[in-house]
There are 2 protein chains.
Amino acid sequence: MKISTKGRYGLTIMIELAKKHGEGPTSLKTIAQANDLSEHYLEQLIAPLRNAGLVKSIRGAYGGYILTNEPSKITAGDVIRVLEGPITPVEGIEDEEPAKRELWIRIRDAIKDVLDNTTIEDLASHSDDSETDGYMFYI
Amino acid sequence: MKISTKGRYGLTIMIELAKKHGEGPTSLKTIAQANDLSEHYLEQLIAPLRNAGLVKSIRGAYGGYILTNEPSKITAGDVIRVLEGPITPVEGIEDEEPAKRELWIRIRDAIKDVLDNTTIEDLASHSDDSETDGYMFYI
DNA sequence: TCTAATACCTATCAATTTACTAAGGATTTT
DNA sequence: AAAATCCTTAGTAAATTGATAGGTATTAGA
């Protein structure tokens, strides 16, 4: 019941690109170093993002990646779907019996509601906030 | 980003026990056959449920399991937490930077809201409803 | 034109998780 | 005693995760 590093690092990439939106390409090396991640691993994550048309690459020296769209037009859900697959708490919801099926649908819709209403711009603009914002970490 | 068969079969077990609540123990064999599941595998799932005090076992011939509590007092969240661990879309929410941390918290709270407000009684009483209830299966 | 920086591609791999299966021991009812 | 049941440990094939390794192709700038 987890979002893996694929989805999480994917969001990290998109947030970094959003911060530089309109200022030319950002290299993966820069993003990897700024976030202490493996550049090689990020290469594998950005390939699907490029194939999905969320980012555009600029090859050669001083190249890198840029967003193909406004950060306000790209949602967290767009990114997560590309890297993690369809948003759903179980495979084959249709095959479940009615009571559980409805439960999975309510969970799915709740997650979709959050992911599809959070833009990369939202994430980029809050990514420098200093501390915990008063949220508690209960489970 | 999935709930595995552990949590799903765990709910199945609890729903079956809820249907027979107050009528004496139900054996795993019965539950396994009714749902076309491996009895051996269910044994491994019910062990944590017993350790957590959600069910009580009655050994020997004509034994089985019973709920330790009213079906209306047990939530889907209780069962999922025992079998899948804490409800959270990522490990170590605290370690994430503010923007993503808030996103994970909103998702976690949305899931918790559904799971903690759905009782086993709710699930058992709707588990015989015939069809799809007009829900769509978009993603 | 050379060089460095960058994207792009394919393969491999260790660790973990998932979803079981196998085999039998312990306990209780009939 | 026999049968039904819970209980426990061990093993395992397949998939996934989170990388690492080792390149090739392309381009900007000196």
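The sequence lines fix the lettering, A, B, ..., with proteins before strands; numbering per chain opens at 1. Given the structure is predicted, the values throughout are model-derived calculations rather than measurements.
- Taking only side-chain nitrogens and oxygens, B:S27 never comes nearer than 4.0 Å to OP1 or OP2 of D:dA4.
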What are the atom names and distances for every N/O pair under 3.5 Å that joins the protein to nucleotides 19-22 of chain D?
residue, atom, partner, partner atom, Å
D:dA19, OP2, A:Y9, OH, 3.2
D:dT20, OP2, A:S38, OG, 3.1
D:dT20, O4, A:Q44, NE2, 2.4
D:dG22, O6, A:H40, ND1, 3.4
D:dG22, O6, A:H40, NE2, 3.3

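- A search for salt bridge (charged side-chain N to carboxylate O under 4.0 Å, His left out) contacts involving A:D113 returns nothing, not counting sequence neighbours.
- In this structure, the NZ atom of B:K56 is 17 Å from the C1' atom of D:dT5, given to the nearest Å.
- Only at 4.0 angstrom or more do the heavy atoms of residues 45-53 of chain B sit from any atom of DNA chain C, so none qualifies.
- Look at A:S57 and you'll find a side-chain N or O under 4.0 angstrom from OP1 or OP2 of C:dC8.
- A sub-4.0 Å separation between OP1 or OP2 of C:dT18 and a side-chain N or O of B:K6 is present.
- One atom, CD of B:E84, and another, P of C:dA19, lie 8 Å apart when rounded to the nearest Å.
- Between the B:T68 side chain and the B:L54 main chain, a donor and an acceptor come within less than 3.5 Å of each other.
- Counting only residues at least two apart or on different chains, no salt bridge (Lys or Arg N to Asp or Glu O under 4.0 Å) pair has a member in residues 57-77 of chain A.
- For DNA chain C, the residues of residues 59-67 of chain B within the heavy-atom distance limit of 4.0 Å (strictly under) are B:R59, B:G60, B:A61, sorted by number.
- Taking OH of B:Y41 as the start and OG1 of B:T5 as the end, the distance is 3.0 Å to the nearest 0.5 Å.
- When every heavy atom of B:V90 is checked against every heavy atom of A:R8, the shortest pair comes out as CG1-CD, 3.3 Å.
- Atom CD1 in B:I3 sits roughly 16 Å away from atom C1' in C:dT17 (whole-Å rounding).
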The dot-bracket string of DNA chain D, counting Watson-Crick and G-U wobble pairs with both distances under 3.5 Å, using [ ] for crossing pairs and | for pairs to another strand, is ||||||||||||||||||||||||||||||
